[in-house]
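Data block below; observations after.
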Amino acid sequence: DVDGLDPVIAPGTSGLEPGGVRYEEAVTLFEMLTEHTSMIGFDLNEVNPYLDPSYVTSVLATNLIMQFLFLATSSRHWRNRKLLPSKQWL
């Protein structure tokens, strides 16, 4: 959730966490996760643009999502994934 980030960089959330995670630390966490495991899902919650009229938190959340997608799709786990035929998804 965005509310785990430091409010200095993510003020647009209802649950502010002083001394929370910095952007660089979040990206490092994403690097470790995507390097060691296959990721099949990701979401980012608690962005509230009404609490952040400058949209700093929305831009930060977008950057974190894009960074995660880049890391996940460039990992060895992504290249080695096995896709199921479409009938098996039902």
Side-chain angles (χ1 to χ4, degrees):
D1 289 357
V2 170
D3 56 7
L5 297 172
D6 195 307
V8 172
I9 63 169
T13 185
S14 56
L16 300 175
E17 185 64 42
V21 177
R22 293 174 305 144
Y23 178 83
E24 296 81 10
E25 293 171 325
V27 171
T28 300
L29 175 64
F30 294 166
E31 289 171 345
M32 290 188 302
L33 284 171
T34 57
E35 182 179 323
H36 295 290
T37 189
S38 179
M39 303 300 295
I40 60 169
F42 177 81
D43 62 14
L44 196 59
N45 300 305
E46 302 293 331
V47 175
N48 187 343
Y50 293 114
L51 299 176
D52 186 11
S54 63
Y55 301 109
V56 170
T57 308
S58 297
V59 171
L60 174 71
T62 303
N63 286 338
L64 285 171
I65 291 168
M66 295 302 292
Q67 186 70 36
F68 179 84
L69 288 172
F70 168 76
L71 290 167
T73 58
S74 60
S75 75
R76 63 184 167 86
H77 298 288
W78 182 267
R79 290 187 300 271
N80 297 331
R81 72 191 187 284
K82 297 197 180 350
L83 299 176
L84 297 174
S86 59
K87 290 181 182 178
Q88 291 183 355
W89 286 97
L90 300 176

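Sequence positions, counted from 1, serve as the residue numbers for this chain.
- Among all heavy-atom pairs drawn from Leu60 and Leu5, the shortest one is CD2-CD1, 3.5 Å.
- Nearest approach of Pro11 to Leu16, heavy atoms of both residues: O-CD2, 3.8 Å.
- Nearest approach of Asp3 to Gly15, heavy atoms of both residues: CB-O, 2.8 Å.
- The side-chain hydrogen bond (donor to acceptor under 3.5 Å, both in side chains) analysis of residues 58-74, with sequence neighbours excluded, yields no pairs.
- With hydrophobic clusters built from ILVMFWY side chains whose heavy atoms lie under 4.5 angstrom apart, Val59 does not share a cluster with Tyr23.
- Distance CG/Leu64 to CG/Leu29: 10.5 Å, rounded to 0.5 Å.
- Taking the salt bridge (charged side-chain N to carboxylate O under 4.0 Å, His left out) definition, one finds that Glu25 meets it with Arg22, sequence neighbours left out.
- Across every non-hydrogen atom of Ala10 and Val2, the tightest pair is CB-CG1, 3.8 Å.
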Sequence neighbours left out, cut at 3.5 Å: what donor-acceptor pairs do the side chains of residues 30-44 make with other protein atoms?
| from | atom 1 | to | atom 2 | distance (Å) |
| --- | --- | --- | --- | --- |
| Thr34 | OG1 | Phe30 | O | 2.9 |
| Thr34 | OG1 | Glu31 | O | 3.3 |

Donor-acceptor list for residues 49-57 side chains, cut-off 3.5 Å, not counting sequence neighbours:
| from | atom 1 | to | atom 2 | distance (Å) |
| --- | --- | --- | --- | --- |
| Asp52 | OD1 | Ser54 | OG | 3.0 |
| Asp52 | OD2 | Val56 | N | 3.0 |
| Asp52 | OD2 | Thr57 | N | 2.5 |
| Asp52 | OD2 | Thr57 | OG1 | 2.8 |
| Thr57 | OG1 | Gly12 | N | 2.7 |

